[in-house]
2 protein chains.
Amino acid sequence: MKSKKSECIPSENLETALHELKKAGLKVTPTRKMVLLHLTNAHGPFSIEEIHAGIKGKSCNLTTIYRIISHLEAIGLVRRTDLGDGVARYEYHCAEHPHHHLICRECKRIEIIDRDLFPEIEEVAKSKGFVQINPCFEIYGVCKNCAA
Amino acid sequence: MKSKKSECIPSENLETALHELKKAGLKVTPTRKMVLLHLTNAHGPFSIEEIHAGIKGKSCNLTTIYRIISHLEAIGLVRRTDLGDGVARYEYHCAEHPHHHLICRECKRIEIIDRDLFPEIEEVAKSKGFVQINPCFEIYGVCKNCAA
DNA sequence: TTTCGTGCAAAACCTTTGCAAAGTG
DNA sequence: CACTTTGCAAAGGTTTTGCACGAAA
């Protein structure tokens, strides 16, 4: 029972997310549920295409995914990430687990780095008068496998 | 004469850049010179459009700028940055002055944060087996003016 | 001279928008 | 029922590609 101070439990996240949806005055539709289910279950940032493919069962339109994600981003449920290839990617924003991405330039593999490791960054930003900082970084490098 | 340990002197940068160009087997053309001149003189990341506009005197094609930047990025002379609006921006990569960007979500103002402030990041990345790390972050927040 | 760079036009690509039909609370 | 959400088709904007001409080493 050594539960860490705050774990991300998928089903719990889905509940929270749906609650946030309602709170923001958005309706809970099947498609939105599917998108959130996918995002809360799987890790790592996904492109719109990938999210779309991920909920293929209940077929729906790409445009709809764009619009849903746009809403989710606006209310802070997902965060946008740029991996440098011109395609926007989105990730469920688990407030309990803020983290950075360590991305391999070669194979695009992504590793997670806990955000608590660098509290200094937020302090520096604050000292420059910035507020509402939510630093989640994309750190590029070459991973062990690809370097070999 | 209180010169900091390593300053970025525009003209010096241009020389270095042109040298790197040749070293990479690329030819030194007027257009490439203009692009590099612009990038080494001015600060902050620029979109392709902005670079194009910046060298209007010697009119040239947008496509050419795309291709030049693509080359410069490949040989490491410029680095790409995503500010979250779907437009790629580029910046001269001054090895002497690695830095992060602190970006205001509202007015898009950019402040520079010296990279040396966070040596820990590189260490963590290395501990995960990553090499060739060059962490330059985009940190989003809301600046003093916009918060008021 | 041979190879590389550029301009132009067209295509590819991701994302957004408008409108009518269907669904939600 | 009023209002939001969705699908479809089309447009918008950025970036890439092909080819012929021009310029650099």
Side-chain angles (χ1 to χ4, degrees), chain A residues 17-39 45-75 77-91 108, chain B residues 17-39 45-75 77-91 108:
Chain A
L18 293 177
H19 183 253
E20 287 295 318
L21 257 194
K22 288 175 207 157
K23 216 175 74 183
L26 296 172
K27 297 189 172 169
V28 177
T29 68
T31 316
R32 284 179 178 168
K33 263 191 195 164
M34 294 300 287
V35 169
L36 283 169
L37 183 64
H38 183 76
L39 288 176
F46 301 107
S47 69
I48 296 288
E49 290 273 9
E50 286 163 347
I51 296 169
H52 184 234
I55 63 173
K56 262 287 171 46
K58 193 97 177 165
S59 108
C60 79
N61 199 279
L62 248 193
T63 303
T64 303
I65 308 290
Y66 274 105
R67 281 192 274 222
I68 289 175
I69 289 293
S70 168
H71 274 130
L72 297 183
E73 194 187 6
I75 66 177
L77 275 182
V78 306
R79 77 167 169 110
R80 174 185 168 137
T81 287
D82 282 290
L83 263 44
D85 62 353
V87 181
R89 276 156 227 270
Y90 301 87
E91 184 180 42
K108 306 297 177 193
Chain B
L18 293 178
H19 184 253
E20 288 295 318
L21 258 195
K22 288 176 206 157
K23 218 175 71 182
L26 297 172
K27 295 183 175 172
V28 177
T29 69
T31 316
R32 285 179 176 167
K33 263 190 195 163
M34 293 300 287
V35 170
L36 282 169
L37 183 65
H38 183 75
L39 288 176
F46 300 107
S47 68
I48 297 289
E49 289 274 9
E50 286 163 348
I51 296 169
H52 184 233
I55 63 172
K56 262 289 172 42
K58 193 98 177 166
S59 109
C60 77
N61 198 279
L62 248 193
T63 302
T64 302
I65 308 289
Y66 273 105
R67 281 193 273 223
I68 289 175
I69 289 294
S70 167
H71 274 130
L72 297 181
E73 194 188 5
I75 65 177
L77 274 181
V78 306
R79 77 168 169 111
R80 175 186 168 135
T81 286
D82 282 290
L83 263 45
D85 63 353
V87 181
R89 275 156 228 269
Y90 302 87
E91 183 181 42
K108 306 297 176 192

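Chain naming here is simple, since letters A, B, ... match the order of the sequence lines and numbering starts at 1 in each.
- Atom P of nucleotide dC13(C) and atom CG of Leu62(A) are separated by 14 Å, given to the nearest angstrom.
- Scanning for side-chain contact (heavy atoms from CB on, under 4.5 Å) contacts around Leu37(B) gives Leu14(B), Asn41(B), with sequence neighbours left out.
- Remark: Phe46(B) engages His38(B) in a ring pair (Phe, Tyr, Trp, His ring centres under 6.0 Å) (not counting sequence neighbours).
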Show every donor-acceptor pair shorter than 3.5 Å between a side-chain atom in residues 60-72 of chain A and any protein atom, with sequence neighbours excluded, or say none if there are none.
{"residue": "Asn61(A)", "atom": "OD1", "partner": "Thr63(A)", "partner atom": "N", "Å": "2.8"}
{"residue": "Asn61(A)", "atom": "OD1", "partner": "Thr63(A)", "partner atom": "OG1", "Å": "3.1"}
{"residue": "His71(A)", "atom": "ND1", "partner": "Arg67(A)", "partner atom": "O", "Å": "3.4"}

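- When rounded to the nearest whole Å, the span between CG of Asp82(B) and C1' of dT15(C) equals 15 Å.
- Regarding Ile75(B), its CD1 atom lies at a distance of 11 Å from the P atom of dG5(C), rounded to whole Å.
- Remark: Val87(A) engages Ser47(A), Asp85(A), Arg89(A) in a side-chain contact (heavy atoms from CB on, under 4.5 Å) (not counting sequence neighbours).
- One distance of note links CG of Leu77(A) with CG of Leu39(A); it measures 9.5 Å at 0.5 Å rounding.
- Regarding contacts with the backbone of dT6(C), every side-chain N or O of Asn61(B) stays at 4.0 angstrom or more from both OP1 and OP2.
- Along DNA chain D, the stretch of nucleotides lying under 4.0 Å from any heavy atom of chain B spans, 5' to 3', dT14(D) to dA25(D).
- Inter-axis angle, ends of the helix from dT1(C)-dA25(D) to dG25(C)-dC1(D), five pairs per end, rounded to 10 degrees: 40°.
- Residue pairs that meet the salt bridge (charged side-chain N to carboxylate O under 4.0 Å, His left out) test with at least one member in residues 24-36 of chain B, sequence neighbours left out, do not exist here.
- The nearest pair of heavy atoms linking Thr81(B) to Leu83(B) is CG2-CD1, 3.1 Å.
- Residues from residues 64-73 of chain A that place a heavy atom under 4.0 Å from any atom of DNA chain C, listed by number: Tyr66(A), Arg67(A).
- Spacing between atom CE of Met34(B) and atom P of dG5(C) amounts to 19 Å, rounded to whole angstrom units.
- Taking only side-chain nitrogens and oxygens, Thr29(A) never comes nearer than 4.0 Å to OP1 or OP2 of dT24(C).
- When the salt bridge (Lys or Arg N to Asp or Glu O under 4.0 Å) test is applied to Arg80(A), the partners found at least two apart in sequence or on another chain are Asp82(A).
- Here the CG-CD1 distance, from Leu36(A) to Ile51(A), works out to 9.5 Å after rounding to the nearest 0.5 Å.
- Rounding to whole angstrom units, CD of residue Glu49(A) and P of dC14(C) are separated by 6 Å.
- Residues passing the salt bridge (Lys or Arg N to Asp or Glu O under 4.0 Å) test with Lys23(A), sequence neighbours excluded: Glu20(A).
- Contacts of Thr63(A) with the nucleic acid, taken as non-hydrogen atoms under 4.0 Å apart, include base atoms.
- As judged by a 4.0 angstrom heavy-atom cut-off over every strand, Leu26(A) is placed among residues touching the sugar-phosphate backbone only.
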